[in-house]
> 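The structure under discussion is supplied below as structure tokens; questions concerning it will follow.
Below, chains carry the letters A, B, ... as their sequence lines are ordered, and counting in each starts from 1.
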2 protein chains.
Amino acid sequence: MAHLNGIKFYKSYKAGEPIVWAGDEVDFVASVVGGVATLTQTMEDGRRQMVGLLLASDFIGRPNRETVAYDVTAISDVTLCCFRRKPFHEMLVKTPHISQRLLEMTLDELDAAREWMLILGRKTAREKIASFLSIIARRETIAEGGDVGTNVAFELPLTREAMADYLGLTLETVSRQMSSLKRDGVIQLEGKRRVVVPDFNSLLNETGDDSDGGVLV
Amino acid sequence: MAHLNGIKFYKSYKAGEPIVWAGDEVDFVASVVGGVATLTQTMEDGRRQMVGLLLASDFIGRPNRETVAYDVTAISDVTLCCFRRKPFHEMLVKTPHISQRLLEMTLDELDAAREWMLILGRKTAREKIASFLSIIARRETIAEGGDVGTNVAFELPLTREAMADYLGLTLETVSRQMSSLKRDGVIQLEGKRRVVVPDFNSLLNETGDDSDGGVLV
DNA sequence: CATTCGCTTTGACGCAGATCAAGCATGCCG
DNA sequence: CGGCATGCTTGATCTGCGTCAAAGCGAATG
């Protein structure tokens, strides 16, 4: 996505800052350069569900639509690389391999959403936490260029409350299950945010997923 | 999607028949011509979550990937319009506006998946049922060319068990909540499968969603 | 150094929905 | 026609997680 003179610009947001609200008109699409942002849906009475977790290189917005369907929030300091919507859409028409790339990315997101649906609909609180940790472990260690060996350590990009919104739980339940996994030796905590997983397979065993090794080397 | 000599063919499946299993190699992609199919994920111990409900014109498969990630099952008699994967992929590269169309469809599915995530993660059993019924009402009555007026009637394409798999509930809870909505006059049942909604707004009021009219005319 | 604030942990208790268990209705097949 | 299968309903009981409440902890601030 290089060489897009004039239609491309950067924007930064501080941790906690809203990027756009559901229903807002937005005249750009963007991709995350650095930091973490979330997509959330909120019900009238305040119940909240996260529906997207955006890390570096993830895409925001629909080329063809001027309003946005979800609240987008910066959860750490975030930098976006933005493209004005109209020229971006024209470029899409002229440069087919970009829309094919975008299709691939969207299909990957759809797959992620479907894995997420299984977590939300059928897993216990403990399985939800274990699944979340293994998802983050995978994304974070790949981002750091490391291999997912048996011994893994990473920083949680989310507060307990945000984890609860991700998993359809309350923050108290998240906290209790983290403590429980710690008690059982599945994870260790250094401070509140850094997680050490001494044996990644034993974490996977807690997810409820088919556990025959999986992605492990 | 016309004029695709030689690479296009049709396949039919009976109600209940599996179309493909998760992990199978499949050399075609397809679009649903008629009937209803589901995408489901199953855990080792048998817990099941539906992650896709495919009606007429919905698309199955990934142009770029030879295996399939979910169980696909015909839930009524189903006819698929299939395209061999390799030539389909080549056509995609040569005919950019098709991949743009496919991108639009995929983004719509992603939006649907995200609405679904809110339902799974945060709604009560009663709200889940009401949400499901209003989603089906919308899709079915549009398919029949009718308008979604206040008074709506439609056929449920799913058994109580499949509804449970859709909503992350047990079939008993689905049954109880259907009875409860019936007792409260929100819906009427003609037989087990036909649903009459005397006042669509009062159904919407049960979904927990922002209720200011919405899509109603 | 004390104070406050945001985040987290932990405890006690209650309830929505799961589980276990009958029974009912409809339609199919010998 | 009777028997059996499939799908649905309803009841009784149990439990995982939500709710309410209090207290711990580290970092920032005056």
> Within this structure, what is the CD-to-P distance between A:E190 and D:dG26, rounded to whole angstrom?
14 Å
> Would you call B:D108 and A:R65 a salt bridge, using N to O less than 4.0 angstrom?
yes
> In whole angstroms, how far is the C1' atom of C:dT9 from the CD atom of A:E161?
15 Å
> Can you check side chain to side chain contact (heavy atoms under 4.5 Å, CB included) on A:E104 and A:L102, steps first, answer last?
CA-CA 5 Å; A:E104 281 302 316; A:L102 207 49; over 6 Å; no
> If you round to the nearest 0.5 Å, how far is CZ of B:R114 from OH of A:Y70?
5.5 Å
> Separation of A:R126 atom CZ from D:dG16 atom P, in whole Å?
12 Å
> If an axis is fit to five pairs at each end of the helix from C:dC1-D:dG30 to C:dG30-D:dC1, what is the angle between the two, to the nearest 10°?
30°
> Report the distance from atom CD of A:Q177 to atom C1' of D:dC17, rounded to the nearest whole Å.
9 Å
> Decide, yes or no, whether a salt bridge links A:D165 with A:R48 under the criterion of side-chain N to carboxylate O below 4.0 Å.
yes
> Can you check the B:E127 CD to C:dG17 C1' distance for me, whole Å?
14 Å
> Run the numbers on A:W116 and B:M117 for side chain to side chain contact (heavy atoms under 4.5 Å, CB included), then give the verdict.
CA-CA 8 Å; A:W116 201 337; B:M117 284 170 56; 3.2 Å; yes
> Given C:dT8, is OP1 or OP2 found less than 4.0 Å from the side-chain N or O atoms of A:R193?
yes
> Any ion pair linking B:R193 and B:E155 (charged N to carboxylate O, less than 4.0 Å)?
no
> Could you give the CZ-to-C1' distance, from A:R160 to C:dG6, as a whole number of Å?
13 Å
> Once you round it to whole Å, what is the distance between C1' of D:dG24 and CG of A:L171?
15 Å
> Report the nucleotide, chosen from D:dC17, C:dG17, C:dT9, that has the shortest atom-to-atom distance to any side-chain atom of A:A125.
D:dC17
> Between atom CG in B:L189 and atom P in D:dT10, what is the gap in whole Å?
10 Å
> Can you name the atoms? Protein N/O to nucleotides 25-28 of chain C N/O, anything below 3.5 Å, with the distance.
none

> Categorize B:S175 for me: base, sugar-phosphate, or nothing, with a 4.0 angstrom heavy-atom threshold over every strand shown.
base
> Just verifying a value: how many Å separate A:L181 CG and A:R176 CZ, rounded to the nearest 0.5 Å?
14.0 Å
> Using 30° and 60° as the class boundaries, would you call the ring planes of A:F83 and A:F88 parallel, tilted or perpendicular?
tilted
> Checking A:R47 against A:T42: is there a side-chain donor and acceptor pair closer than 3.5 Å?
no
> Between CZ of A:R183 and OG of A:S180, what distance do you get to the nearest 0.5 Å?
5.0 Å
> Each nucleotide N or O in nucleotides 18-22 of chain C that has a protein N or O under 3.5 Å away: list the pair and distance.
| residue | atom | partner | partner atom | Å |
| --- | --- | --- | --- | --- |
| C:dA18 | OP2 | B:T170 | OG1 | 3.1 |
| C:dA18 | OP2 | B:T173 | OG1 | 2.4 |
| C:dT19 | O4 | B:R176 | NH2 | 2.9 |
| C:dC20 | N4 | B:E172 | OE2 | 3.2 |

> Would A:R126 and A:D184 satisfy salt bridge (Lys or Arg N to Asp or Glu O under 4.0 Å), going step by step from the backbone distance to the final call?
CA-CA 12 Å; A:R126 170 180 265 243; A:D184 299 346; 2.4 Å; yes
